[in-house]
A.B. asks: 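First the structure, then my questions, so here it is.
Throughout, protein chains are lettered first and strands after them, A, B, ... in sequence-line order, and every chain is numbered starting at 1.
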2 protein chains.
Amino acid sequence: MSLTLADAIERHILALLEESGEAALQRVDLARHYDCAPSQINYVLSTRFSPERGFVTVSRRGGGGYIRIVRSVEPELPQMAAMLRRSQSGIAEAGAVAIIARCNASGWLGEREAQILMSMVRRDVLDLPLPERDLLRARLLAAALLAVSQGR
Amino acid sequence: MSLTLADAIERHILALLEESGEAALQRVDLARHYDCAPSQINYVLSTRFSPERGFVTVSRRGGGGYIRIVRSVEPELPQMAAMLRRSQSGIAEAGAVAIIARCNASGWLGEREAQILMSMVRRDVLDLPLPERDLLRARLLAAALLAVSQGR
DNA sequence: TATAATAAGGTCAGGGAAGGTCAAATACCC
DNA sequence: GGGTATTTGACCTTCCCTGACCTTATTATA
């Protein structure tokens, strides 16, 4: 309902990715197809196909330019957990959300699991003064990722 | 008999829910229809369609924004979450483990989800002095259960 | 071989379109 | 009269979309 232009373009690109594992496109063509400004394509790419969401995009300008989008390689869970545990300054909420989303995108975490974790690392849930809060968040996330990686 | 505006809007939304199992609306439209301030809709949502009352609402801002209301699949979970949040003394590790196990047994939490939560509420992960540790554990568990109840 | 023209894609600020929050005012009910 | 419930309005945050301007690559031309 009330599909926005951005949503439509997102689906378009996702469909291309399903088909062949990669989406190759010309920015102007896609923009013309949806009758919008070319920069709209960039908006969709940066909001929906960011590295945090598990995508990598490469492009070239000039004559014969193009944009290519592929899914990025899965992160290694135990390594991420180890990194989090070593981190001296912990991790901010935005960073945690990015990691969780990333793990979800690559199949390590289910939709529900990701949803649960996101709700738990929130600022207002942890509710501690700042050096400790980020540290705690890192410990929590590390524990969760470790549990996931061992649970199979 | 005094049917307040809030009551009327509540019935309106309930009727939508009866019809199709979900109420999807635009806040401004509904407000215009009842000739009231848009924030009145939020008032109705927070007083009559809260998680404790067994409803889940999701919304999006910006162009193409919307509000969607559905009945919660597990009305018990928000109750437990509310209980935990109200608890003045928090919850000990053993208590949390018991709750998680029970949720797992009743099918509200999957095996993996239970494992993850257990690993997160551990004493050595939370690592805080004692009044705060139990309080934090309660907040974490409450957040998790609420997230589950809003599962998608 | 420089240089100019052309053909891409990139960036960023800004306007508009939603919904969210909160405190103050008002109305209702003992 | 006091307490609770309702209602509003001012202000905020998020999301979408565009247009002006910039950078880079290729191609044509002097």
Side-chain angles (χ1 to χ4, degrees), chain A residues 1-14 16 22-53 55-70 92-94 97-98 101 118-119 122-125, chain B residues 1-14 16 22-53 55-70 146 150:
Chain A
M1 53 144 65
S2 103
L3 249 299
T4 66
L5 182 51
D7 291 333
I9 297 175
E10 175 186 16
R11 293 191 182 187
H12 185 115
I13 296 177
L14 282 175
L16 290 179
E22 101 162 12
L25 51 93
Q26 308 251 151
R27 193 179 71 152
V28 192
D29 286 354
L30 194 52
R32 235 197 316 265
H33 182 250
Y34 284 97
D35 191 31
C36 65
S39 55
Q40 176 71 0
I41 309 300
N42 296 90
Y43 174 72
V44 174
L45 291 183
S46 62
T47 55
R48 278 117 158 120
F49 296 92
S50 61
E52 289 83 18
R53 296 198 174 202
F55 297 93
V56 40
T57 71
V58 292
S59 66
R60 232 177 95 185
R61 309 184 186 192
Y66 59 82
I67 300 177
R68 239 179 309 143
I69 304 128
V70 295
E93 180 171 343
V97 167
M118 297 235 194
S119 78
R122 281 171 36 180
R123 233 184 315 278
D124 61 317
V125 169
Chain B
M1 179 79 305
S2 65
L3 198 39
T4 68
L5 181 51
D7 291 332
I9 297 176
E10 176 185 14
R11 293 190 181 188
H12 185 117
I13 296 177
L14 283 174
L16 289 179
E22 106 163 5
L25 51 93
Q26 307 250 149
R27 194 180 69 153
V28 192
D29 285 354
L30 195 51
R32 236 197 315 266
H33 182 250
Y34 284 97
D35 191 31
C36 64
S39 55
Q40 176 72 357
I41 309 300
N42 296 88
Y43 174 72
V44 174
L45 291 183
S46 62
T47 56
R48 281 122 159 116
F49 295 91
S50 62
E52 283 82 0
R53 295 190 171 215
F55 295 94
V56 180
T57 71
V58 292
S59 66
R60 221 170 105 185
R61 307 186 185 193
Y66 59 81
I67 300 178
R68 238 177 310 145
I69 305 127
V70 295
L146 202 60
Q150 309 186 341

A.B. asks: Could you work out which one of dG10(C), dA18(C), dC16(D) sits closest to the side chain of I67(A)?
C.D. replies: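 Nearest to the side chain of I67(A) among the choices is dG10(C).
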A.B. asks: Can you see whether D7(A) engages T4(A) through a side-chain donor-acceptor pair at a distance of less than 3.5 angstrom?
C.D. replies: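 Yes, a side-chain donor-acceptor pair sits under 3.5 Å.
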A.B. asks: Could you tell me how far apart R68(A) (CZ) and dA8(C) (P) are, to the nearest whole angstrom?
C.D. replies: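 So the CZ-P distance, R68(A) to dA8(C), works out to 16 Å.
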A.B. asks: How long is the gap from CD on Q40(B) to CZ on R27(B), to the nearest 0.5 Å?
C.D. replies: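 These two atoms lie 11.0 Å from each other.
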A.B. asks: Rounded to the nearest Å, what distance is computed from the CD atom of residue Q26(A) to the P atom of nucleotide dT24(D)?
C.D. replies: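 Taking atom P of dT24(D) as the reference, CD of Q26(A) is at 20 Å.
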A.B. asks: Using a heavy-atom distance cut-off of less than 4.0 Å, which residues of residues 37-50 of chain A contact DNA chain D?
C.D. replies: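 Result for residues 37-50 of chain A: A37(A), S39(A), Q40(A), Y43(A), R48(A), sorted by number.
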A.B. asks: On DNA chain D, does the nearest nucleotide to D7(A) precede the nearest nucleotide to G64(A) from the 5' side, or the other way round? Give the residue.
C.D. replies: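 With D7(A) and G64(A) compared, the 5'-side residue is D7(A).
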A.B. asks: What integer distance in Å separates I69(A):CD1 from dG10(C):P?
C.D. replies: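 After rounding, the reported distance stands at 10 Å.
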A.B. asks: Atom CZ of R61(B) to atom P of dC17(D): distance rounded to whole Å?
C.D. replies: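 Result: 17 Å.
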A.B. asks: Output yes when a side-chain donor or acceptor of R48(A) lies under 3.5 Å from a complementary backbone atom of R53(A), and no otherwise.
C.D. replies: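 Checked: no pair found.
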A.B. asks: Look at the side chain of T4(B) and decide which nucleotide, out of dG9(C), dA18(C), dT6(D), has an atom nearest to it.
C.D. replies: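 For T4(B), the side-chain atoms sit closest to dT6(D).
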A.B. asks: In whole Å, what is the span from the CG atom of L30(B) to the C1' atom of dG19(C)?
C.D. replies: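 Spelled out: CG on L30(B) to C1' on dG19(C) is 13 Å.
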A.B. asks: Checking all strands, does G65(A) fall into the base, sugar-phosphate, or nothing category for heavy-atom contacts under 4.0 angstrom?
C.D. replies: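 Counting heavy atoms under 4.0 Å across all strands, the contact made by G65(A) is with sugar-phosphate only.
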A.B. asks: Would you kindly give the CZ-to-P distance between R32(B) and dT8(D), to the nearest whole Å?
C.D. replies: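 From R32(B) CZ to dT8(D) P: 15 Å.
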A.B. asks: Find the distance between NE2 (H33(B)) and CD1 (I9(B)) and round it off to the nearest 0.5 Å.
C.D. replies: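 Rounded to the nearest 0.5 Å, the NE2-CD1 separation comes to 10.0 Å.
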A.B. asks: For dC16(D), does either OP1 or OP2 sit under 4.0 Å from a side-chain N or O belonging to R60(B)?
C.D. replies: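 Answer yes for this pair, as a side-chain N or O of R60(B) is under 4.0 Å from OP1 or OP2.
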A.B. asks: For the atom pair CG (L25(B)) and CD1 (I69(B)), what is the distance rounded to the nearest 0.5 Å?
C.D. replies: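 Here the rounded value is 4.5 Å.
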A.B. asks: Rounded to the nearest 0.5 Å, how far apart are CD1 of I13(A) and CD1 of I41(A)?
C.D. replies: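 If we round to the nearest 0.5 Å, I13(A):CD1 and I41(A):CD1 are 6.5 Å apart.
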A.B. asks: Would you classify G62(B) as touching base, sugar-phosphate or nothing, given that sugar-phosphate means primed atoms plus P, OP1 and OP2, and contacts are heavy atoms under 4.0 Å?
C.D. replies: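 Since a base atom lies under 4.0 Å of G62(B), the category is base.
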A.B. asks: Output the rounded distance in Å from CD (E10(A)) to C1' (dC17(D)).
C.D. replies: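 Rounded to whole Å, this separation is 16 Å.
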A.B. asks: To the nearest Å, how far apart are Y34(A) OH and dT18(D) P?
C.D. replies: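 Taking atom P of dT18(D) as the reference, OH of Y34(A) is at 14 Å.
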A.B. asks: So which nucleotide from dT7(D), dG20(C), dA18(C) ends up closest to the side chain of L5(B)?
C.D. replies: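 Minimum distance to the L5(B) side chain belongs to dT7(D).
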A.B. asks: Does atom CG of D35(A) have more than 12 heavy-atom neighbours from other groups under 6.0 Å away?
C.D. replies: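 Not buried by this count: 12 neighbours or fewer within 6.0 Å.
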